[in-house]
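Read the structure below first, then the notes.
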Amino acid sequence: MIYGSNHIDLVNDAFWFITGISALLLFVITFLMIYFVFKYNRKKGKKAVNIEGNTKLEILWTVIPVILVMAMFWYGWIGYRDLKNPPKDAMIVKVTAQMWKWTFEYDNGVKADSLYVPVNRAIQVNLHSLDVNHSFFIPAFRFKRDVLPNKNNSIWFLPANVGKFDIACAEYCGLSHSAMYSKVIVLPQQEFDNWLKTELVKKNASVTQSSAVNRK
Amino acid sequence: MHDKEQSVSYLDYKGKHSGIFAWILSTDHKRIGLLYLMASLLFFAVGVTFGFLMRLELIAPGRTIMDAQTYNSLFTLHGIIMIFLFVIPGLPAVFGNFFLPILIGAKDVAFPRLNLLSWWLYVLGALLAVISVFLPGGPADTGWTFYIPYSIRSTTNVMPALIAAFILGFSSILTGLNFIVTIHRMRAPGMTFFKMPLFAWSLYATAWVQILATPIIGITLLLVTIERMFGVGLFDPALGGDPVLYQHLFWIYSHPAVYIMILPAMGVVTEIIPVFSHRTIFGYKFIAFSSCAIALFGSMVWAHHMFTVGMSETAQVIFSLLTFLVAIPSAIKVFNWVATLYKGSISTDAPLLYALGFIFLFSIGGFTGLIQGALSVNMHIHDTSFIVAHFHYVMFGGTGFGIFAAMHYWFPKMFGKMYNMKTAKVGFWTLFVGFNTLYFPMFVMGWLGMPRRYFDYLPEFQIYHFISTIGSWILIVGLIIMFTNFIKALRSKTSYTNINPWSGETLEWTVPNKPPLENFEVIPTITAGPYEYKDNDEILTKEDN
Amino acid sequence: MSVVAEHISEHVHRDDLGSRMGIWLFLFTELVLFGGMFLVYAVYRFTYQQEFHVAAKELNTLIGTLNTLILLTSSLTMVLAIVAIRKDNKFLSIFFQVITIFLAFGFMVNKYFEWMAKIHHGIYPGSETLLAKGNGEILFFGLYYVMTGLHGLHVLIGMVLIGVMTRFTMKGTVNSDKYIHLEAAGLYWHLVDIIWIFLFPLFYLIT
């Protein structure tokens with residue numbers, strides 16, 4: 001398994017681990033509440049017993065949750081660790097956010113509105129904003145990272161499957177915040193190389209054209 | 001148990017002023033509490049209407065009933081109104097003002113005139129917020145968080161909204177200050193700290209958070225105001241300022257503010273459960289100390305709102321760890337409440353239903369908080385509707401239901417009238433069902449990747465939005481049932497004279513309904529704790545009659 | 001004052017210790033308020049060390065020192081005013097209160113000239129001269145204006161408060177038995193002083 005390729009699984013595992021324990025505890029709490037309300041209902045005419053507390057019980061239900069939440073913390077942490085440090089050989093894409101669109105720029109100067117990436121290759125996105133705060137969010141890959149005007153954040157991911165996935169802006173940025181969608185398009189390596197080549201040719205052609213226009 | 005000939009009630013006595021001035025210039029803590037109640041319910045109605053309109057807009061993708069700018073202003077106003085004008089003052093300023101002095105056996109709060117000043121500041125802040133809607137430029141559209149740089153770029157009326165929040169903060173500080181001194185200095189003879197009702201404890205913890213955290217938001221919002229006026233550059237990235245620093249300062253207050261909102265509601269629940277189980281509270285000291293622990297730990301977890309901004313790894317780990325730990329005192333409270341039901345003699349009147357509803361909904365809110373505290377999961381669900389659902393479960397399912405519980409619990413004492421119990425229960429169940437239908441789908445779509453503050457959305461989320469909007473209608477029906485029930489009771493001619501309808505043991509049940517100006521004819525001397533029930537046999541026979 | 005009358009007619013609640021506690025709590029909130037700004041200062045000082053160093057040199061240490069002396073002296077006269085009223089010397093108390101107000105006024109006059117000099121040099125938020133400088137210097141002067149400005153506002157409020165107290169002392173509302181209000185104004189005044197004690201080195205001395 002390639003380092004980082006299981007990020008989605010780690011997030012899902014942490015989520016379901018915490019949700020599972022929570023659901024169980026919630027069930028116990030709710031069940032006890034309902035059970036007590038019926039069992040000790042005043043209509044049954046039983047006398048209430050004044051129990052002032054029980055220190056052993058208090059310690060028990062302090063210590064056990066502490067252990068549980070520490071486990072939850074650990075699960076959350078191991079899924080995050082990888083996200084922080086991109087591998088050395090990651091392909092770098094520069095992402096520029098502005099109200100309300102995304103621009104993706106590749107090493108060779110090619111720019112695109114959608115993020116084209118090869119499958120099974122670590123991608124590092126360097127995030128920069130031209131105006132206000134945005135947030136680069138790919139729900140399918142289970143991460144987001146804020147895009148700030150004064151600070152260059154970066155994050156990386158490893159697309160494991162070919163396909164198209166949504167990129168959303170997750171930090172409120174004004175009028176058309178909800179329309180600030182783009183796509184990450186994961187292609188097989190070969191197709192990606194072709195795409196990049198075609199785009200480069202197109203770009204060079206347009207550069208020559210515009211310089212030709214300028215000369216006139 | 002019935003009303004003797006008593007001195008004039010707080011509703012009727014004549015002071016120096018008459019007419020409306022007898023109210024808006026009154027320094028009586030009960031009148032001020034009632035003024036807050038009316039004002040905050042008014043704004044609650046406005047906030048609910050905005051929420052209803054937003055949900056209606058979201059019933060289908062694309063434009064339904066309003067444009068994006070209106071929608072953005074609506075969620076901003078909904079946030080500002082609900083947080084600063086309803087939820088924060090909802091319990092401390094309304095029920096704290098009304099009942100704290102009575103609960104600890106005092107004639108009033110320590111500084112009655114300061115108390116009146118707080119109310120006036122509240123009104124001033126509220127008016128400014130209202131004015132900002134009608135000034136040219138349109139209502140603020142920044143979200144209640146006023147994140148920079150958007151809040152210094154937006155051309156809408158951000159300034160009045162900022163100043164409004166600043167003033168409301170000061171109102172809150174003064175109330176907190178008043179309560180701390182009141183609790184320290186005005187307890188009746190014999191009432192030690194550990195004989196205080198736990199609602200007073202929760203207000204005490206809240207008050208400390210209010211006075212120590214609120215100034216930070218005050219100065220922060222002031223700096224944003226100055227930034228907008230003079231372009232000083234303190235947060236503006238174009239001049240070298242740091243928007244992330246703004247976020248830190250904002251959350252240093254606004255996270256503890258969440259505990260300002262929830263702690264008093266926990267206090268109310270702690271009052272209600274022993275009364276309706278008719279037995280002593282389980283683990284008094286643990287509940288009291290957990291309030292303080294929440295106030296303490298709650299002040300050290302603010303950056304968990306900012307896991308995605310790119311802080312240092314150390315900061316991420318510490319804040320995540322502390323976030324998990326802050327859940328513990330809340331869990332202790334929940335366990336103690338449930339244990340208090342054990343071997344009680346439970347009567348399921350409306351206040352208890354609301355209290356149990358609180359426990360259920362707050363638990364969901366708390367557990368989903370754990371899910372967000374996990375770093376990796378947070379990267380995914382931060383700023384999605386999962387968060388929206390989470391804080392509505394805490395703030396509305398928690399504090400909101402706490403406020404409703406308090407209203408049902410203390411209504412006969414405050415107004416000397418009794419509402420219809422059956423209608424109250426119907427109202428509760430409608431609210432409960434509506435609430436879950438409205439907010440639960442947001443968890444699901446949040447996990448599936450629906451970002452928050454979205455005017456429009458992808459078609460795959462429509463089913464959840466649709467269910468959620470239907471839920472908002474049920475919820476509003478529940479609210480209408482509840483409030484008509486109250487209004488009917490207020491307008492009925494028959495006054496309710498049983499001064500202790502729930503057989504409570506705390507001091508407010510010893511004074512007449514609609515308590516007189518100075519609450520007690522003779523300041524009581526306290527010998528027993530607040531929940532020491534000795535008439536276990538009596539209550540059963542009383543029920544039979 | 002009729003609001004008070006309404007209450008007084010019912011019962012007189014007097015608790016000097018409680019009032020003192022209230023004042024101290026209020027002073028805490030003021031400290032936290034300024035604390036927020038000191039935090040901002042600390043962060044930017046750390047981020048832009050060199051530029052803060054350059055900018056701080058432009059402030060006039062002499063005026064700063066003079067103002068520090070003035071404020072410290074005024075704190076002393078404030079204490080003397082309270083001591084005097086406790087010893088039932090009404091005249092002396094009023095005298096010291098007036099001196100305090102006078103000193104505070106002197107502080108503000110100094111501050112005025114200091115600000116004006118800066119503004120004449122074109123250094124004020126949003127000015128071209130300032131915008132031409134580096135980000136760190138913009139922030140330094142931004143903080144300088146905001147923090148000393150807010151402090152100046154507190155000095156003004158303090159002056160008004162002490163003025164009201166002088167009036168109370170004349171009327172006899174503040175007297176040797178009941179001087180808690182004067183004491184409150186005094187505590188507030190010391191807070192204003194203390195905040196300056198921190199502002200002075202942060203802006204003028206540390207270069």
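Throughout, a chain's letter reflects where its sequence line sits, starting with A, and its residues are numbered from 1.
- Side-chain atoms of A:Y172 and B:N72 include a donor-acceptor pair closer than 3.5 Å.
- Under the 6.0 Å cut-off for aromatic ring centres, A:F143 and B:H380 do not qualify, their centroids lying 6.0 Å or more apart.
- For B:T348, the part lying under 4.5 angstrom from a heavy atom of chain A is the side chain only.
- Only the backbone of B:L448 comes within contact range of chain A, with heavy atoms under 4.5 Å apart.
- A donor atom on one side chain and an acceptor atom on the other are found under 3.5 Å apart for B:Q316 and A:Y80.
- With sequence neighbours left out, A:S129 forms a side chain to side chain donor-acceptor pair (under 3.5 Å) with no residue at all.
- Heavy-atom distances place the side chain of B:T384, and not its backbone, under 4.5 Å from chain A.
- Interface remark: B:V317 contributes backbone and side-chain atoms alike to the contact with chain A (heavy atom separation under 4.5 Å).
- Residue contact with chain A, scored on non-hydrogen atoms closer than 4.5 Å, is absent for B:S154.
- In terms of heavy-atom proximity, B:V275 sits nearest to A:R42 at O-NH2, 3.8 Å.
- Using a 4.5 Å cut-off between heavy atoms, B:D67 makes no contact with chain A at all.
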Step by step, would you call B:F455 with A:H177 a ring pair (Phe, Tyr, Trp, His ring centres under 6.0 Å)? CA-CA 8 Å; B:F455 161 74; A:H177 168 53; over 10 Å; no
